[in-house]
Amino acid sequence: MGQRLLACLFHLPTAVIYGSLSLFVSILHNVFLLYYVDTFVSVYKIDKLSFWIGETVFLIWNSLNDPLFGWLSDRVFLSTQQAGAEISSPEVVLKRLRALSHNGPLFAISFLSFWVSWAHPGLQFLLCLCMYDSFLTMVDLHHNALLADLAVSAKDRTSLNFYCSLFSAIGSLSVFMSYAVWNKEDFFSFRIFCVLLALCSIVGFTLSTQLLRQRFQADGKAKWDQESTLKELYIEKLSVPQEKRITLAEYLQQLSRHRNFLWFVCVNLVQHLLSDQISVSTGSFLLGVSYIAPHLNNLYFLSLCRRYGVYAVVRGLFFLKLALSVVMFLAGPDQVYLLCIFIASNRVFTEGTCKLLNLVVTDLVDEDLVLNRRKQAASALLFGMVALVTKPGQTFAPLIGTWLLCEYTGYDIFQRNPLNNVVSAQPKLEPAMALEPTLRQGCFYLLVFVPIACALLQLLSWSQFSLHGKRLQVVKAQRQSLTQGQAPEVKTI
């Protein structure tokens, strides 16, 4: 029975196994996002100064670790011609799978460090955030890089992304399960729940990466045997100019000339400012749905991408987000049910767009390979450089939103009874007093004006992005020709 199960697992499509890695990340990360602030503020009683220090250090580390880990991983791929350093595609994939097999279990272990008090709250907050984000970054970088390394065609990459969204949606069910065990007064059940999630993630990462490694080790061995046979037929080896390794400064200079990369990071920076903007709690069920709905809806977005292309779908989502925000502004804050729908739909469209933008980064990887004629695509490094610009928005967004809300309404999440300083909910007959800022008005203005401003900025930047249509087809054709041209040259006998 066990052998038959292993045989079935080994014959699963590569896209399914690749997508399953998203499951083992999402079952942990969604629970982390939902409870880590509440745990440190309400359970561990972290003070305000320690919280802001931790968030500031985390902002810096969160921005720097993506390009740092990407550079350490992919710097060997940047040379255009380096004699004796031929690297095949299966070897690149195996390198990424080895990184995932090591960092995936460590990511699960770092997740557990949040739910047990083992140090001063301020110190633990800082160390846990940085450690957790480091392993999450390594997992995300290599998982996203595989999206560019496993396939070149838009159809194949869309299929890979489809299974990622499907398994991410399944993993989001852990949020609903957590409601049954979450209790600030008694943490034991929640801790057992987190341990079980971490064990599932460790087993999943180990099994999935092992299956993929066995598959590509067979492909790599076949390619190595073929190249060894071809090298035996050499009569004379043409002299190939050996070029020095590209330095980080030279790589950054290449990126500064990559026009589509610069416009894309502008779009993605605004996207992260919007996706992590402060949210309003409208009930645990709505909050849980907001975690799973983006992945389910993304399945539909990906079907549209197959028909119309990623560029057109992303542009349409920007227009839709702008239209919904304008309608909500005209309706006003009194339309409670419409406001709930708006909050949920805004998260769905924003998170859906973030998932689609990963496909755009893989296209940028292709263009970078073609423009600079690299031996291999430095996909993890390019994902890291995108994150260098966009990650600060991810951290700044909740800080800016919390600060604006506090300045406008007097609401402070660190006060034990913060609503005491907010205007009373009792009806006021005086028209002058009715105009006084309230928590409700402040949240409404943040929810409406931020998406409007972000949508306008994104539409402006996206209109300058040219990697679509015929240009994208040419880039993909050139990458395929460069990849196929990596076999050793054989002189006709």
Side-chain angles (χ1 to χ4, degrees), residues 28-66 68-69 106-138 140 178 181-188 190-191 193-195 197-198 272-273 275-281 287 387-388 390-422 439 442-443 446:
L28 303 183
H29 192 53
N30 289 328
V31 174
F32 160 79
L33 291 175
L34 190 59
Y35 293 113
Y36 89 96
V37 172
D38 202 9
T39 298
F40 276 92
V41 173
S42 302
V43 179
Y44 301 155
K45 309 297 183 184
I46 187 174
D47 61 278
K48 186 175 183 178
L49 178 61
S50 298
F51 181 86
W52 286 110
I53 291 175
E55 285 287 352
T56 302
V57 175
F58 172 64
L59 163 66
I60 299 172
W61 177 240
N62 189 35
S63 302
L64 295 179
N65 60 13
D66 290 85
L68 173 63
F69 295 154
L106 293 174
F107 161 70
I109 294 173
S110 68
F111 167 78
L112 295 176
S113 66
F114 285 90
W115 318 121
V116 178
S117 179
W118 47 269
H120 182 274
L123 178 62
Q124 182 178 349
F125 183 71
L126 174 61
L127 294 178
C128 286
L129 272 183
C130 292
M131 181 171 60
Y132 177 85
D133 186 67
S134 297
F135 293 119
L136 177 62
T137 296
M138 290 295 290
D140 279 345
S178 68
V181 295
W182 171 251
N183 187 344
K184 298 178 185 179
E185 306 301 327
D186 184 8
F187 236 38
F188 180 75
F190 182 74
R191 285 169 177 158
F193 173 73
C194 290
V195 169
L197 289 181
H272 280 79
L273 280 170
S275 64
D276 290 277
Q277 186 54 262
I278 189 168
S279 61
V280 179
S281 176
L287 188 60
L388 173 65
T390 58
K391 279 290 186 71
Q394 192 174 9
T395 304
F396 268 127
L399 302 183
I400 295 173
T402 304
W403 175 76
L404 288 174
L405 197 61
C406 182
E407 288 293 314
Y408 189 76
T409 67
Y411 179 83
D412 191 345
I413 64 173
F414 294 96
Q415 294 181 11
R416 296 299 167 224
N417 295 302
L419 291 178
N420 290 344
N421 293 333
V422 183
L439 176 62
C443 291
L446 279 177

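Any value given below was found using the heavy atoms of this structure, including those in side chains, with hydrogens, waters and symmetry copies removed.
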Visitor: Answer with yes or no whether the side chains of Trp118 and Ser113 bring together a donor and an acceptor at under 3.5 Å.
Guide: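 No, because no side-chain N or O of Ser113 sits under 3.5 Å from a partner of the opposite role on Trp118.
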Visitor: Taking all atoms of both residues into account, what is the closest heavy-atom pair of Trp182 and Thr39, and its distance?
Guide: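 Closest heavy-atom pair between Trp182 and Thr39: CH2-OG1, 3.5 Å.
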Visitor: Tell me the closest heavy-atom pair linking Ser110 and Met131, and the distance in Å.
Guide: CB-CG, 4.0 Å
Visitor: Could you tell me if the side chain of Phe111 sits less than 4.5 Å from the side chain of Val31, heavy atoms only?
Guide: yes
Visitor: Between Phe125 and Phe51, is the gap from one ring center to the other below 6.0 Å?
Guide: yes
Visitor: List for me each residue that meets side chain to side chain donor-acceptor pair (under 3.5 Å) alongside Tyr36, sequence neighbours excluded, and say none if there are none.
Guide: none
Visitor: Write down the atom of Phe193, the atom of Ser178, and the distance for their closest heavy-atom approach.
Guide: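 Distance-wise, the nearest heavy atoms are CE2-CB, 3.7 Å.
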Visitor: To the nearest 0.5 Å, what is the distance between CG on Asn62 and CG on Leu136?
Guide: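 Separation between the atoms: 9.0 Å.
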Visitor: Output the distance between atom CD1 (Ile109) and atom OH (Tyr132), rounded to the nearest 0.5 Å.
Guide: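 Nearest 0.5 Å value for the CD1-OH distance: 13.5 Å.
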Visitor: Apply side-chain contact (heavy atoms from CB on, under 4.5 Å) to the pair Leu388 and Asp66, showing each step before the final yes or no.
Guide: CA-CA 6 Å; Leu388 173 65; Asp66 290 85; 5.9 Å; no
Visitor: Please name all residues satisfying side chain to side chain donor-acceptor pair (under 3.5 Å) with Ser50, sequence neighbours left out, ordered by chain then number.
Guide: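 Partners of Ser50 by the side chain to side chain donor-acceptor pair (under 3.5 Å) criterion, ordered by chain and then number, come out as Asp47.
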Visitor: Please report the shortest heavy-atom distance between Lys184 and Asp38, naming the atom on each side.
Guide: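 It is CE-OD2, 3.2 Å.
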Visitor: Nearest 0.5 Å, what's the CG-CZ distance between Asp140 and Phe69?
Guide: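 Result: 12.0 Å between the selected atoms.
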Visitor: A side-chain contact here means heavy atoms from C-beta on lying under 4.5 Å apart; do Trp115 and Val195 qualify?
Guide: no
Visitor: For Trp61 versus Cys130, what's the shortest heavy-atom pair and its separation?
Guide: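 Between these two residues, the closest heavy atoms are NE1-O, 3.3 Å.
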Visitor: To the nearest 0.5 Å, how far apart are NE2 in His120 and CG in Leu126?
Guide: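 Here the interatomic distance stands at 12.0 Å.
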Visitor: Would the Phe114 and Phe32 ring centres measure less than 6.0 Å apart?
Guide: yes
Visitor: Please lay out, stage by stage, how Ile46 and Gln124 fare under the test side-chain contact (heavy atoms from CB on, under 4.5 Å).
Guide: CA-CA 10 Å; Ile46 187 174; Gln124 182 178 349; over 6 Å; no
Visitor: For the residue pair Leu28 and Ala198, what are the closest heavy atoms and their distance?
Guide: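 Closest approach of Leu28 to Ala198, heavy atoms only: CD2-N, 3.8 Å.
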